[in-house]
Every structure is written in structure tokens, then in C-alpha cells.
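To start, the structure itself, in C-alpha cells.
Residue numbers start at 1 and run along the sequence shown. Hydrogens, waters and symmetry mates play no part in the numbers below; they use all other heavy atoms, side chains included.
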Amino acid sequence: KIADLPELVGRVALGAECATEREALLQAISKKFKVSMRTLREDVGEILPSTRNETREKDAVLSAILPGLVDLVLDEKGRVVYLFHGGDGAGLYLTDNYEDERGRFVPPKLENLPFPLVSGLEVLKAYDAGENPAGLFEDVLRYLRRFSYLPEKDFLLLAAYAFLTYLQDHPEISYLPMVFFYAVPERGKSRTGKALTWISYRGSHRVDLRETNLFRDAENLAATLFLDIMDLWKKAERNESTDILLLRYERGARVARVLFPEKGPFNDT
């Protein structure tokens, strides 16, 4: 009966062992009662305690890269949550944690991310509405034209690059090109680069070549890096980070650093 729906949603919200189980139960309820998944997810979000992230962080690992993860987004209360694709036609859903055989994971806090996040509810709304993405490429072109005066073919290249950053985990993509902006001073290189960065996948604007930042952006975020630097190669040689730049375009490439010499062979690197 429809009168049983609130009780069912409450039991799912508080009783599910993990996000995957919760999503499967919500899909069954959606099918039986002919209620949209978006509505059920909003009800679950209201039922879950607002301190859920804080309590789960005590026994969880912070992570921004997980199987099936679309991206990090904001929930209705402005907190960072995961946006997952359920697979097999299950659609998208939001959750504040993820569990597998390795343990429990929660997203990092907003202040620890070098890029802005969008509203997860807005993403779900657009996804559930089945909006045609065919016009998105033209929208990106119009956006880029607001910041630069370039030949049209260059705008096409930048727009295609922004889309490519979202496909970097596709199994058939092993290399991503680097876009190199070169001109005399005051020609809009930084402005153009920033405009491209903020629409690319997890765009991170850096004005230095500190190894720790580069390693963390790559390892923890799979970020798209915009290195806004003069005399890039000279600074790379000075910071002994040329190997990072030479391998940055290849997915899965790794560079070695000895961080723990006291641990002995193999464990020190």
C-alpha cells in the first residue's frame, strides 16, 4: 500500500548495510510504487542524520577515486558526496560513503579540493529528464569564446580537449595530449587556460612545480593540471621534476621517489 511507503523508505535509509544495497532496494520500491528514483533519494537524504559523514570518517578512508564513481558533487546541504553510476541501466545516485572488500571510503571535504563542485541534485535532475547532450559541444564553444580571441580551429581543439578529460578512464584511451599556450606577455594565456581548466575534469590551476602538489593531484584526484608558469622547462629542471612532465600524458605511468629510506629496499620507494 502507498501508506507503507514512508516506513519502507525509512527502513532502507537507516537499515541498508551499504550504498549499493540501499540503491537496489530503492529501485525495487520505485518500480512497485511507480515513484521516481529522484524523489526517493531526496527522502532518504532527509532521513539520514546530518552528522553521517562526520561519524563515518572516524573509521573510513578519504578517497576521490573509486570504481563506478562519476565524480564528487554537492548534496542539498552543500556537503561533498559521491555521484555513482549504478550500471546495467540503474542510473545515477548520490551517497556519502562507499564500501568494498578494501574497507569503507568517504569523500574529502570541500576545502581540501582545488576545484569547485556542482550540485548533485541538478545533475540528477538533468539526467532523469533525459536532456539531449548534443548541444553541449556548442555550449562549450560559446563559453570559451567569451575569454579569448583565437582562430576557430583552436576553439574546436580546446573544446574537444575539455571533453577528452572526462573520458580519460576509457579502456581504449592510453594517452592524453598536453595543450601548450605560448605567446608574448599579456596575450591572455592564463585567462584562456583558466577558462579551459574550470570546465575540464577536476581542473587544478597551479603556479608552481612542487612535486608534492603534482603527485597529490595526480594520485589522489586524477586531476587535469593547468601549470601557469613562465619558462616551464627551466623550472622543471631546477625542481628535478622533468620526469613527471615527460610521463604526465601517459595513463598509468609512474615516477619513483625514495620517501622512506629507513624502511630498506623496496619499501623505501
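Separating the OG1 atom in T95 from the CG atom in D75 is a distance of 10.5 Å, to the nearest 0.5 Å. Separation of atoms CZ (F115) and CG (L110) is listed at 9.5 Å; rounding is to 0.5 Å. The CZ atom of R79 sits 10.5 Å away from the CG atom of L94 when rounded to the nearest 0.5 Å. Atom CG of L26 is separated from atom NZ of K31 by 15.0 Å, given to the nearest 0.5 angstrom. Note that CD1 of I29 and CZ of R11 are 9.0 Å apart. Values are rounded to the nearest 0.5 Å. With rounding to the nearest 0.5 Å, the separation of CG in N267 from CD in E262 is 10.5 Å.
The shortest side-chain heavy-atom distance between Y201 and F163 does not fall under the 4.5 Å cut-off. Using a 4.5 Å heavy-atom cutoff, the side chains of L72 and P108 are in contact. When side chains are defined from C-beta on, L62 does not count as touching N220, because their heavy atoms never get closer than 4.5 Å. Side-chain atoms of L227 and L245, non-hydrogen and from C-beta on, do get closer than 4.5 Å to each other. Between L8 and F33 there is a side-chain heavy-atom pair separated by less than 4.5 Å. Side-chain atoms of F215 and V255, non-hydrogen and from C-beta on, do get closer than 4.5 Å to each other. Using a 4.5 Å cut-off on side-chain heavy atoms (C-beta onward), I173 and L164 make contact. Looking at heavy atoms from C-beta onward, L259 lies out of side-chain contact with T269 at the 4.5 angstrom threshold.
For E76, the CD atom counts as densely surrounded, since its 6.0 Å shell holds more than 12 non-hydrogen atoms of other residues, nucleotides or ligands. Heavy atoms from other residues, nucleotides or ligands lying under 6.0 Å from CE of M230 number 12 at most.
The minimum heavy-atom distance between V80 and K109, with the atom names listed, is CG2-C, 4.0 Å. Scanning both residues, L69 and A64, for their nearest heavy atoms gives CD2-O, 3.2 Å. Residues G78 and L74 come closest through the heavy atom pair O-CD2, 3.6 Å. Closest heavy-atom contact between L176 and T165: CD2-CA, 4.3 Å. In this structure, L196 and L158 approach most closely via the heavy-atom pair CD1-O, 3.4 Å. The heavy-atom pair separating D217 from S204 by the smallest distance is OD2-OG, 3.0 Å.
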Assess the residue pair L214 and L209 against the criterion (side chain to side chain contact (heavy atoms under 4.5 Å, CB included)); give the C-alpha distance rounded to whole Å, side-chain angles, the decisive distance to 0.1 Å, and a yes or no.
CA-CA 7 Å; L214 298 180; L209 276 178; 3.9 Å; yes
Would L92 and F84 satisfy side chain to side chain contact (heavy atoms under 4.5 Å, CB included), going step by step from the backbone distance to the final call?
CA-CA 6 Å; L92 303 177; F84 276 103; over 6 Å; no
Test side chain to side chain contact (heavy atoms under 4.5 Å, CB included) applied to F105 and Y82, step by step
CA-CA 10 Å; F105 301 88; Y82 293 129; 3.9 Å; yes
Between L156 and F137, is the side chain to side chain contact (heavy atoms under 4.5 Å, CB included) condition met? List the steps.
CA-CA 9 Å; L156 292 173; F137 193 84; 4.0 Å; yes
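With hydrogens and angles ignored, the 3.5 Å screen pairs a side-chain donor or acceptor of S30 with a backbone N or O of V35. The backbone N or O of H170 lies less than 3.5 Å from a partner atom in the side chain of R251, making a donor-acceptor pair. At distances below 3.5 Å, not a single donor-acceptor pair connects side-chain atoms of Y143 with backbone N or O atoms of I199. Distance alone, capped at 3.5 Å, places no donor-acceptor pair between the Y98 side chain and the V106 backbone. In this structure, the side chain of R104 does not engage the main chain of A60 through any donor-acceptor pair within 3.5 Å.
Hydrophobic cluster membership differs between L136 and L157, with clusters built from Ile, Leu, Val, Met, Phe, Trp and Tyr side chains linked at under 4.5 angstrom. Both F147 and V179 belong to a common hydrophobic cluster when Ile, Leu, Val, Met, Phe, Trp and Tyr are linked at side-chain heavy-atom distances under 4.5 angstrom. Note on F181 and L150: same hydrophobic cluster, where clusters join Ile, Leu, Val, Met, Phe, Trp and Tyr whose side-chain heavy atoms are under 4.5 Å apart, directly or indirectly. Under the 4.5 Å side-chain heavy-atom criterion for ILVMFWY residues, a single connected hydrophobic cluster contains both V61 and L221. In terms of hydrophobic clustering, with Ile, Leu, Val, Met, Phe, Trp and Tyr side chains grouped at heavy-atom distances under 4.5 Å, V81 and V118 are assigned to a common cluster.
For residues 169-193, there are no salt bridge (Lys or Arg N to Asp or Glu O under 4.0 Å) pairs, not counting sequence neighbours. Among residue pairs with one or both ends in residues 224-247, those qualifying as side-chain hydrogen bond (donor to acceptor under 3.5 Å, both in side chains) are S190-D228, H205-D228, W233-E237, D243-R257; sequence neighbours excluded.
A salt bridge between R206 and D208 is absent, with no side-chain N of the basic residue lying under 4.0 Å from a carboxylate O of the acidic one. Between E152 and R145, at least one side-chain N (NZ, or NE/NH1/NH2) sits under 4.0 Å from a carboxylate O, which counts as a salt bridge.
Remark: F155 pairs with no residue by the ring-ring contact (aromatic ring centres under 6.0 Å, His included) rule, at least two apart or across chains.
Ring pair Y175/Y249 is parallel by interplanar angle, where below 30° counts as parallel and above 60° as perpendicular.
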